[in-house]
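Below is one structure, written out as structure tokens; comments come after it.
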Amino acid sequence: MDSYDVIIIGTGAGGGTLARHLAPSGKRILLLERGDWLPREPHNWAASDVFVDNRYVSEDTWYDKDGKAFQPQIHYFVGGATKLYGAALYRLRKEDFGVLRHHDGISPAWPIEYEELEPYYTQAEHLYEVHGARGEDPTEPPASAPYPFPAVSHEPRIQQLSDDLAAAGYHPFHAPCGIRLNETEMHFSTCIRCQTCDGFPCLVHAKSDADVLGVRPALEHSNVTLLTNAKATKLETDSSGSRITEVVVERNGETERFTADLVVVACGAANTAKLLLLSANDKHPDGLANASDQVGRNYMFHDSTAVLALSREENPTVFQKTLGLNDFYFGTDGFEYPLGNIQMVGKSQAEMFRGEKPLETKLAPEWTLDRVARHAIDFWLSTEDLPKPENRVTVDGEGNVTLTYSETNATAKQRLYDQLKSMLPKLDMNPGHLIHRFAYMKNDIPVAGVAHQAGTCRFGTDRALSVLDRDCKAHELDNLYVVDTSVFPSIGAVNPALTAMANSLRVGDHLLERMGSSTQAAAAAPAAGTG
Ligand SMILES: Cc1cc2nc3c(=O)[nH]c(=O)nc-3n(C[C@H](O)[C@H](O)[C@H](O)COP(=O)(O)OP(=O)(O)OC[C@H]3O[C@@H](n4cnc5c(N)ncnc54)[C@H](O)[C@@H]3O)c2cc1C
Ligand code: SF4
């Protein structure tokens with residue numbers, strides 16, 4: 001049986017980042033990824049393939065709380081969900097790490113403060129080549145370094161939106177973007193600034209995803225091995241139940257077993273919970289590391305709404321995701337609770353609407369789909385989803401996943417929508433028209449929108465209420481760690497990936513120390529070849 005120093009299961013924002021961080025240490029690292037490399041093909045940028053035919057969405061079937069089957073919006077590839085993500089790479093707000101009182105209850109504190117994660121946010125922004133501008137967003141937490149790259153410029157219609165928002169007294173800012181764009185020397189730029197970014201794979205590998213900037217750099221080190229199409233199905237423990245002894249993997253129709261001193265799970269929130277629950281044994285009868293009965297609970301995924309407003313003039317913007325607004329993050333006049341974040345989402349294209357339902361709006365029939373798309377300005381509204389123990393992932397004996405979920409914070413979500421709608425006349429947009437669109441996929445079951453899933457194995461100091469300790473090590477096992485979004489005790493209202501990446505770097509430093517490999521030594525070690 002092959003033996004390693006570290007096995008990392010999953011290669012997305014959490015696992016891919018950790019692999020890159022640990023690779024220079026020289027330790028023997030095995031990466032297990034259930035998916036394959038995402039194929040580079042013209043379909044990558046075809047809206048109908050991606051949005052209507054769900055070409056890159058897994059064929060998994062999950063069940064909702066009523067037992068109704070649905071296809072979750074989940075992506076099994078090297079790089080995980082980041083292959084398709086919008087690469088809006090936000091830090092949580094400093095306040096998100098403390099207790100925040102919301103309309104529907106409490107958003108709990110993290111076991112670490114913002115200041116502890118701050119250096120890792122800075123490191124993650126460098127690793128993922130984030131473009132942004134500090135000092136524009138009043139809710140922005142303190143940062144120890146500028147963004148490594150200048151903000152991505154607004155195209156004229158979005159610049160006008162920014163100007164109109166500022167004139168109305170708001171504080172629009174340049175959104176932090178992980179696209180490898182060199183606007184001053186476009187002939188050297190990897191990114192070509194196209195309209196098929198948010199929700200699409202990047203055909204030219206210019207998106208700062210965990211494949212391109214996590215796994216591939218890690219594989220330049222000969223001590224790192226990647227197995228694709230390798231699905232971890234069970235973690236075995238020793239007879240005392242305190243150490244993982246084997247990772248059981250299905251690959252090419254065979255069962256294989258691997259062993260390592262340290263095992264790190266980063267399968268994404270639902271699949272990490274699934275793996276732990278399926279790994280129940282005599283010592284862990286309710287699932288591995290689950291004496292607290294917290295594994296799978298506190299599932300969160302953001303109360304998000306994608307809407308389009310209709311600009312009076314046409315909106316010819318190509319890359320729209322350059323603006324954000326956090327004026328209502330912590331509340332608004334007459335509503336003392338947090339509302340959330342407003343940002344742009346990828347520009348509507350008429351082909352996408354075949355997977356959506358704008359014709360059901362009162363605009364039809366006088367507005368054709370094509371005309372709607374030409375005038376659309378597309379927003380993404382996110383309100384914090386609160387962790388509730390009853391919102392949970394469970395698995396039956398056959399490994400079928402049930403996602404039991406009831407919405408939280410619906411009032412705050414509606415207030416955020418109403419707030420934006422009330423602003424439209426000042427923004428040169430048709431008043432009254434703020435049309436819901438299904439971003440990213442054809443599916444009218446909200447629970448299937450699992451893009452921002454988090455919170456099923458939270459870390460904390462109270463063993464009765466958490467699965468992991470503050471180093472993200474399972475309370476009950478000596479050598480089991482988790483580094484994906486499942487560790488989040490709360491999710492805030494900004495996109496989760498950068499926080500998963502930063503936390504992965506933080507846990508990575510702990511692992512390096514535990515393995516007796518200093519972080520400086522790891523950073524200085526030369527790449528030894530292709531693994
Ligand atoms: C369309 C879309 C747009 C998004 N836009 C943004 C955005 O703009 N900004 C942002 O911050 N976030 C965005 N997100 C969310 C972001 O991508 C996720 O929060 C992030 O990738 C989560 O990281 P993770 O490590 O938890 O999981 P993932 O990135 O999903 O990685 C999990 C990995 O584990 C693998 N895996 C699962 N089970 C197993 C198993 N049993 N064995 C082996 N491997 C396994 C999966 O194949 C996958 O590669 C978006 C997501 C989507 C889908
Ligand atoms: S905008 Fe840039 S990063 Fe995004 S898909 Fe196009 S080329 Fe790739």
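As the structure lists them, so they are numbered: ligands from 1, and atoms in each ligand from 1. Every value quoted in this text rests on a predicted model; they were computed, and no experiment measured them.
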Just by distance, no angles: are the side chains of [X] and [Y] close enough, under 3.5 Å, to form a donor-acceptor pair?
{"X": "Asp396", "Y": "Asn400", "value": "yes"}
{"X": "Asn495", "Y": "Tyr85", "value": "no"}
{"X": "Ser189", "Y": "Glu185", "value": "no"}
{"X": "Gln343", "Y": "Asn341", "value": "yes"}
{"X": "Asp378", "Y": "Trp380", "value": "no"}
{"X": "Thr305", "Y": "Asp303", "value": "no"}

Could you tell me whether atom 4 (Fe) of ligand 2 has an N, O or S atom of Cys197 under 2.8 Å away?
-> yes

Nearest option to atom 7 (S) of ligand 2, as decided by whichever heavy atom of Asn44, Leu203, Ile192 sits closest | Ile192

Is the closest N or O pair between [X] and ligand 1 shorter than 3.5 Å?
{"X": "Gly199", "answer": "no"}
{"X": "Leu498", "answer": "no"}
{"X": "Glu33", "answer": "yes"}
{"X": "Ala497", "answer": "yes"}
{"X": "Ala13", "answer": "yes"}
{"X": "Thr485", "answer": "yes"}

Using a strict cut-off of less than 4.0 Å between a Lys/Arg side-chain nitrogen and an Asp/Glu carboxylate oxygen, indicate whether Arg134 and Glu125 qualify as a salt bridge.
-> yes

Electrostatic pair Arg93:Glu140 at N-O distance under 4.0 angstrom = no

With a cut-off of 4.0 Å, which atoms of ligand 1 are near a heavy atom of [X]?
{"X": "Lys231", "answer": "41 (N), 42 (N)"}
{"X": "Ala230", "answer": "42 (N), 43 (C)"}
{"X": "Gly12", "answer": "25 (O), 28 (P), 29 (O), 31 (O), 33 (C)"}
{"X": "Gly14", "answer": "25 (O)"}
{"X": "Thr82", "answer": "17 (O), 21 (O)"}
{"X": "Ala81", "answer": "17 (O), 21 (O), 28 (P), 29 (O), 30 (O)"}

Centroid-centroid under 6.0 Å between Trp45 and Phe200 rings | no

Ring geometry between Phe488 and Trp110 (parallel below 30°, tilted from 30 to 60°, perpendicular above 60°) = tilted

Atom 2 (Fe) of ligand 2 contact by Cys194, N, O or S atom under 2.8 Å = no

Which ligand 2 atoms are under 4.0 Å away from a heavy-atom of Ala206?
-> 3 (S), 8 (Fe)

